[in-house]
Amino acid sequence: MNEELQLSEKSLVNPPLRNWQGRKEWFFNREHTDTYELWYEGRYKRAEVWQKKIMGRFVTSDPRIKTLLEFGCGTGRFTRWWKEIGIEAAGGDISPFMLGQAVHLFGGNLVWADSHFMPFKNHTFDCLAFITTFEYYRDPVQVIREAARVAKYGIAFGMMNRNSPKVVRRRVQEAFGKNPFYVTATFYTPTLLTKKIHEALEGRSYSIEWQATGLPEWFPVQEWHVPYGDFFGLFVKFNDV
């Protein structure tokens, strides 16, 4: 009996946690999650600055937005920043390894949950945000519908752009087993994401605006309303509330 109990406890404490949605994901591997913050402190630091400019402008342009839930918050990199620009933020993620770091880095509320089934009542938050996480959802329409249920005034998307030379480079790296971070990712353009939004929000009144960035440092502009660049931000503003 004791031996059976020990085996049961061992299976609960040390599960081979690698899968979500029936597939292996990099954010269930501590080899990758433990170094996540270092990406932004290194070569991605400049990109983060421009991403935040766009996302911050979208969210703060709607004076109704005072509270925000960021799903797929990871270590809380952007979640911490929302507070810096005056938005009361909370975070949610499916990866216990990511949240394990967020607990120490972020002083707000966090929830361990699946974005397809958000454990919140209708209109709990003013806005819901996805920052480079929406690309990993198997059922994006379901996730948008959940976001529209939980958020009262809008949804902010920060996306890795499909119209980028980096997408080709990533796929070549994957073919040689060198880049595990985007194997299960679906890259969108503003047009492709807008189609998913229209499908999910049929019957609702809303407006959409977007802006692209992630352009080379030597380029004469660093953000523009052209669907090319490594990143684009898109904001859905609900008009029927």
Side-chain angles (χ1 to χ4, degrees), residues 20-23 25 51 54-73 78-79 82 87-94 111 113-164 167 182 184-213 223-229 231-241:
W20 180 52
Q21 304 181 128
R23 61 194 186 189
E25 302 284 7
Q51 291 170 13
I54 289 177
M55 301 312 299
R57 187 165 64 246
F58 282 158
V59 172
T60 58
S61 67
D62 190 337
R64 302 174 300 173
I65 296 177
K66 307 296 182 184
T67 62
L68 177 147
L69 172 65
E70 182 186 342
F71 241 102
C73 69
F78 270 74
T79 326
W82 294 117
I87 304 295
E88 187 64 28
D93 204 286
I94 192 67
V111 62
D114 187 328
S115 304
H116 296 79
F117 307 98
M118 300 181 188
F120 296 99
K121 295 180 180 179
N122 295 354
H123 295 173
T124 300
F125 297 89
D126 296 333
C127 181
L128 205 141
F130 302 102
I131 307 297
T132 62
T133 187
F134 189 82
E135 295 85 348
Y136 294 95
Y137 298 136
R138 274 267 178 95
D139 190 344
V141 171
Q142 166 69 10
V143 173
I144 294 171
R145 287 172 178 162
E146 274 292 271
R149 180 185 65 78
V150 174
K152 188 173 184 179
Y153 300 123
I155 308 172
F157 297 86
M159 306 289 294
M160 294 178 279
N161 195 358
R162 183 172 178 174
N163 290 334
S164 166
V167 172
Y182 308 103
T184 59
T186 299
F187 296 107
Y188 293 85
T189 64
T191 298
L192 291 174
L193 179 58
T194 297
K195 288 180 179 178
K196 293 294 183 183
I197 292 168
H198 289 336
E199 181 181 352
L201 302 182
E202 185 178 0
R204 291 206 60 173
S205 175
Y206 56 90
S207 59
I208 292 176
E209 58 179 321
W210 62 268
Q211 194 81 352
T213 185
E223 59 174 277
W224 59 357
H225 195 67
V226 178
Y228 296 96
F231 178 94
F232 71 89
L234 185 148
F235 185 62
V236 180
K237 181 179 180 180
F238 298 133
N239 301 319
D240 52 3
V241 290

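- Under the rule for a salt bridge (Lys or Arg N to Asp or Glu O under 4.0 Å), the partners of Arg149 that lie at least two apart in sequence or sit in another chain are Glu146.
- Using modelled atom types, no side-chain atom of Gln51 and backbone atom of Phe231 make a donor-acceptor pair closer than 3.5 Å.
- Here CE of Met159 is found 5.0 Å from CG of Leu193. Values are rounded to the nearest 0.5 Å.
- Relative orientation of the Trp82 and Phe78 rings is tilted, given thresholds of 30° and 60° on the angle between their planes.
- Residues Lys195 and Thr191 have side chains in contact (heavy-atom distance under 4.5 Å, counting atoms from C-beta outward).
- From Gln211, atom CD reaches atom CD of Glu223 across 5.0 Å, with rounding to the nearest 0.5 Å.
- The closest side-chain heavy-atom distance from Leu234 to Tyr188 is not below 4.5 Å.
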Using the rule given for side chain to side chain contact (heavy atoms under 4.5 Å, CB included), can you reason through Asn161 versus Thr189, listing the C-alpha separation, both sets of side-chain angles and the distance that settles it, and then say yes or no? CA-CA 6 Å; Asn161 195 358; Thr189 64; 4.2 Å; yes
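- At a threshold of 4.5 Å between non-hydrogen side-chain atoms, the residues Pro227 and Trp210 count as touching.
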Evaluate the criterion side chain to side chain contact (heavy atoms under 4.5 Å, CB included) for residue pair Tyr137 and Thr186; output intermediate values, then yes/no. CA-CA 8 Å; Tyr137 298 136; Thr186 299; over 6 Å; no
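- Looking at Ser61 and Lys237, their side chains never come closer than 4.5 Å, going by heavy atoms from C-beta outward.
- Looking at Thr133 and Phe71, their side chains never come closer than 4.5 Å, going by heavy atoms from C-beta outward.
- Listed here is the closest heavy atom pair of Ala200 and Ile144: CB-CG2, 3.5 Å.
- Note: Tyr206 and His198 have tilted aromatic rings, judged against thresholds of 30 and 60 degrees for the angle between ring planes.
- At least one donor-acceptor pair under 3.5 Å links the side chain of Asp240 to the backbone N or O of Ser205.
- Among all heavy-atom pairs drawn from Gln142 and His116, the shortest one is NE2-O, 2.8 Å.
- Within 6.0 Å of CZ in Phe120 there are more than 12 heavy atoms belonging to other residues, nucleotides or ligands.
- Residues Ile208 and Ile197 meet the side-chain proximity criterion, which asks for heavy atoms closer than 4.5 Å.
- For the pair Met118/Leu128, a side-chain contact is recorded, criterion being any heavy-atom separation below 4.5 Å from C-beta on.
- For the atom pair CE of Met55 and OG1 of Thr60, the computed distance is 11.0 Å after rounding to the nearest 0.5 Å.
- The closest side-chain heavy-atom distance from Ile54 to Phe232 is not below 4.5 Å.
- For the atom pair Phe58 CZ and Glu209 CD, the distance stands at 4.5 Å (nearest 0.5 Å).
- Not a single ring pair (Phe, Tyr, Trp, His ring centres under 6.0 Å) links Phe238 to another residue, sequence neighbours left out.
- Here the straight-line distance linking atom CZ of Arg145 with atom CD of Glu199 works out to 6.5 Å at 0.5 Å rounding.
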Step by step, work out the side chain to side chain contact (heavy atoms under 4.5 Å, CB included) result for Phe187 and Leu192. CA-CA 9 Å; Phe187 296 107; Leu192 291 174; over 6 Å; no
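- Taking every heavy atom of both residues into account, Val111 and Pro119 meet most closely at CG2-CG, 3.9 Å.
- Nearest heavy-atom pair across Trp224 and Tyr228 is NE1-O, 2.8 Å.
- Taking the charged nitrogens against the carboxylate oxygens, Asp126 and Lys66 have no contact shorter than 4.0 Å, which rules out a salt bridge.
- Once rounded to the nearest 0.5 Å, the distance linking CD of Glu70 with SG of Cys127 reads 10.5 Å.
- Taking all atoms of both residues into account, the shortest heavy-atom contact from Ala147 to Ile155 is CB-CD1, 3.7 Å.
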